[in-house]
Number of protein chains: 2
Amino acid sequence: MTDTSRIWTAALIVVGDEILSGRTHDKNIAQVATWLGVQGIRLREVRVVPDDMAAIIEAVNALRARNDYLFTTGGIGPTHDDITVDAVAEALGVPVVIHPEAEAMLTRYYETRGGINPARLRMARVPEGADLIPNRLSGAPGIQVGNVFLMAGVPGITAQMLDGLTGTLEGGAPLLSATVGCWVAESEIADLLRETEKTHEGCQIGSYPFFREGRVGANFVIRSTDQTVLDAVAQVLIDGLAALGREAVPGGI
Amino acid sequence: MTDTSRIWTAALIVVGDEILSGRTHDKNIAQVATWLGVQGIRLREVRVVPDDMAAIIEAVNALRARNDYLFTTGGIGPTHDDITVDAVAEALGVPVVIHPEAEAMLTRYYETRGGINPARLRMARVPEGADLIPNRLSGAPGIQVGNVFLMAGVPGITAQMLDGLTGTLEGGAPLLSATVGCWVAESEIADLLRETEKTHEGCQIGSYPFFREGRVGANFVIRSTDQTVLDAVAQVLIDGLAALGREAVPGGI
């Protein structure tokens, strides 16, 4: 049963020199954030850290303590730069062990792919006491230990692992959102946004400006766990924009 | 003059509920990371935090102390949810003041755009003692205060501000990289990667696997500040792959 009053939070640690070098554009932040929202869990903070034991350990201990869930992406592969399992184990103060079920999965998977080898066996290493998160795309599973979930860095594999977790985590009421767009400079209607948010309990309004086709516009995103609040606030914005001679675009631009 | 032995580091704070909700895919991490690399500065850590004073203040104080430079993106616009200036000022223990030059710039910019108003004037607010970072795209400047650089959330505007800063920050030797790709499972050549990195001073090798056209492959990214080391290590990998009957793709796949 879901407690809809309590707010459940998660943090994400993206492990990867390739993100910090700018070489790779991260796709996991948005993917994990969107998935969490559907589970009724709010992503509160993300940290991108290098492939460095001390940096990962610090982030793991800071974030797992103050969130209901902690996710990591990256660093659970077979190569020398994959150290997330070791870092999480050290952060939790437990040894790294071979998970027999993971070893069996990997042995099966690689039977027709050149066979298991020491590097591939690395992907069966888990912090002691961990459970596996299934992954249909490759032989290597994700790992859950306590409230920490270790996922792959390759977004397609992370998607499989998230799919395997769907509906299994306790969460609250999903945060709903409604968007109202307008071809207006946000600075022209800042008062309307502030007043509308202030006068409506339990809603937040974000203002996201853009430049497109040589014109300025903005999307105003209303967030609430209550659909009736969302609808009411959206209407207030639409009417308020009309009163200022501006046509709103329900659903956003 | 540039000290090429010292490693200069930076951190980035991405401020924005829209990133944490998954609604917006961040583009600033890769943009800032790439720009920093060219300046000879390494991005050591990124944090994505909500539009929340306490969260921004904590991240600012943690990261500005242990890095040469701290960049922030987002939250410096004209609306009620733009609180980065206030949070940085509080983190630094200084008041927020109107910067006369910023006020003049904004007044000029909005002369032909409906005129200045209180919301637009918000964009002239800076932590006391701050300098401005020019921005040709919109009237609102970026802000530098101490080793903290406040940039826009809109990537196109951030690009303008980075352009304005190019060559002005002290840095070390840029980290160079060379990529060798191969249609091989990284788990087949993990030993080659580990040995090659171990036997070559001052180089790191990252292994980035992918699934494409139904085949597994990986790009191996060698990083060093020394081009001769890069070239040597790339050749060692190419030869090592050949010895395993695998054809390398110099430059990556």
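Here is how names work: the chains are called A, B, and so on, in the same order as the sequence lines, proteins then strands, and each is numbered from 1. Since we're looking at a predicted model, the values are computed, not measured.
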Check your understanding: Of all the residues in residues 28-39 of chain A, which have a heavy atom that comes within less than 4.5 Å of a heavy atom in chain B?
Key -> A:Ile29, A:Ala30, A:Ala33, A:Thr34

Point to revise | Top contributor to chain A contacts, counting heavy-atom pairs under 4.5 Å, from B:Arg194, B:Arg120, B:Arg42 | key: B:Arg120

Exercise for review: Enter the distance from B:Arg47:CZ to A:Glu45:CD here, rounded to the nearest 0.5 Å.
Suggested key: 6.0 Å

Practice item. Flag the one option from B:Val221, B:Leu20, B:Asp52 with the top tally of heavy-atom pairs under 4.5 Å to chain A. Key: B:Leu20

Check your understanding: Considering heavy atoms only, which positions within residues 185-193 of chain B lie below 4.5 Å of chain A?
Key -> B:Ala185, B:Glu186, B:Ser187, B:Glu188, B:Ala190, B:Leu193

Exercise for review: Report, by ascending residue number, the residues of residues 204-219 of chain B in heavy-atom contact with chain A at a distance under 4.5 Å; give 'none' if the set is empty.
Suggested key: B:Gln204, B:Ile205, B:Gly206, B:Ser207, B:Tyr208, B:Pro209, B:Phe211, B:Asn219

Review point. Could you state the interatomic distance from NZ (A:Lys27) to CG (B:Asp26), rounded to the nearest 0.5 Å?
Key: 12.5 Å

**Study point:** Under 4.5 Å from any heavy atom of chain A - which part of B:Ile19
**Key:** both

Check your understanding: What residue in A:Asp82, A:Val46, A:Asn117, A:Val49 has the most heavy-atom pairs under 4.5 Å with chain B?
Key -> A:Val46

Revision key, fill the gap. Counting heavy-atom pairs under 4.5 Å with chain A, the top scorer among B:Glu58, B:Arg122, B:Met123 is B:Glu58

Study note, to complete from the structure: The complete set of side chain to side chain donor-acceptor pair (under 3.5 Å) pairs with one or both residues in residues 12-23 of chain A, sequence neighbours excluded, reads A:Ser21-B:Arg223

Revision key, fill the gap. Applying a strict 4.5 Å limit to non-hydrogen atoms, the region of A:Thr179 in contact with chain B is side chain

